[in-house]
Amino acid sequence: MIKKLLGYSSPEARRLLVAELALVVATAVLQGAAFLMLVPLLRALFLGDLGTARLWLAVLAGVGALYAAAYWFGSQIAMRASSAVLDSLLTRLGDRLVELPIAWFGADRSGQMAHIATQGAMFVSSTPYSIVRLILTGFITPGTALIGMFFFDWRLALAMAATVPIMWFVFRWLRTGMERDDAVHAEAVHEASNRVIEFARVQPTLRTAGRGSIADRLVEESLQH
């Protein structure tokens, strides 16, 4: 998905996307490191070693400050990247549509294109930050904590590693369900868009028929679905 998105983007949008993804990875690693720092900090506190606890607290504060800075810069770049990707997608879509013959734009195609140019393009342009960021963070952050845990306590690291297959199974199960639901939703949105466009095209006839016609019911049913 990331490779395709980079291919559809302009050079400027591509640079912003790469920078955004790099900062997402950096924030995920820093977040995992911050969780990891809690182990020696709490251990020192429980043992009453305040000097060591203060040292690890300072390290934790430093990692937290780096995480906050990386997260802020990532958010700023993400907004610029989304705008640049959206511009690239709409430009490519427009360039492609002007090459198609008029006969290609039937009622069904018009609704599909309207959805792609509005909700579809907006969704794709925000995907790197709204979805890819969550997926990368969900894997890199615990992965960082897991790898680092082997240097502190191998027993805790093995306990964490035992949850990896369960997490992977749940992730695959959720992704399959989301893909199925997205396909059903996309089909319903296309149908609703087609009905709305059809409704707008035949307004003279509908005004003659009056309110409560079959067209009203078809539009309402498609929107409800």
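Worth knowing before you read on, the calculation uses all heavy atoms, side chains too, and leaves out hydrogens, waters and symmetry mates. No experiment lies behind these values; they were computed from the predicted model shown.
Here the CG-CG distance, from L38 to L57, works out to 10.0 Å after rounding to the nearest 0.5 Å. Interatomic distance, CG of L156 versus CG of L146, reported as 11.0 Å (0.5 Å rounding). The structure places CG of L89 at 8.5 Å from CZ of R92, a figure rounded to the nearest 0.5 Å. Annotation: the span from T91 atom OG1 to L86 atom CG amounts to 9.0 Å, rounded to 0.5 Å. With rounding to the nearest 0.5 Å, the separation of CG in D49 from CZ in R54 is 9.0 Å. Put simply, CE on M167 and CE on M160 are 9.0 Å apart, with the number rounded to the nearest 0.5 Å.
L134 and I131 fall into different hydrophobic clusters, where Ile, Leu, Val, Met, Phe, Trp and Tyr are joined by side-chain heavy atoms under 4.5 Å apart, directly or via other members. Residues L136 and V85 fall within the same hydrophobic cluster, defined by Ile, Leu, Val, Met, Phe, Trp and Tyr side chains chained together at heavy-atom separations under 4.5 Å. L30 and W72 fall into different hydrophobic clusters, where Ile, Leu, Val, Met, Phe, Trp and Tyr residues are linked whenever their side-chain heavy atoms come under 4.5 Å apart, directly or through other members. Note on M149: it does not cluster hydrophobically with F151, by side-chain heavy-atom contacts below 4.5 Å among ILVMFWY residues. L55 and L60 are assigned to two separate hydrophobic clusters, defined by single-linkage of ILVMFWY side chains at heavy-atom distances under 4.5 Å.
Nearest heavy atom pair, residue A13 against residue A84, reads CB-CB, 3.5 Å. For the residue pair P40 and L36, the shortest heavy atom distance occurs at CD-O, 3.3 Å. Nearest heavy atom pair, residue L50 against residue L45, reads CD2-CD2, 4.5 Å. For A34 against V63, the heavy-atom pair with the smallest separation is N-CG1, 3.9 Å.
With hydrogens and angles disregarded, a donor-acceptor distance shorter than 3.5 Å links the side chain of S88 to the backbone of S10. A donor-acceptor pair under 3.5 Å is absent between the side-chain atoms of T163 and the main chain of A159, judged by distance alone.
Around atom CZ of F73, no more than 12 heavy atoms belonging to other residues, nucleotides or ligands sit under 6.0 Å away. Remark: Q76 CD is packed, more than 12 non-hydrogen atoms of other residues, nucleotides or ligands lying under 6.0 Å away.
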Indicate every side-chain donor-acceptor pair of residues 16-28 with a distance under 3.5 Å to a residue at least two apart or in another chain.
from, atom 1, to, atom 2, distance (Å)
E20, OE2, Y129, N, 3.4
T27, OG1, L23, O, 3.1
T27, OG1, V24, O, 2.7

Going through the checks in order, is the side chain to side chain contact (heavy atoms under 4.5 Å, CB included) test met by L174 and F171?
CA-CA 5 Å; L174 287 174; F171 170 75; 5.9 Å; no
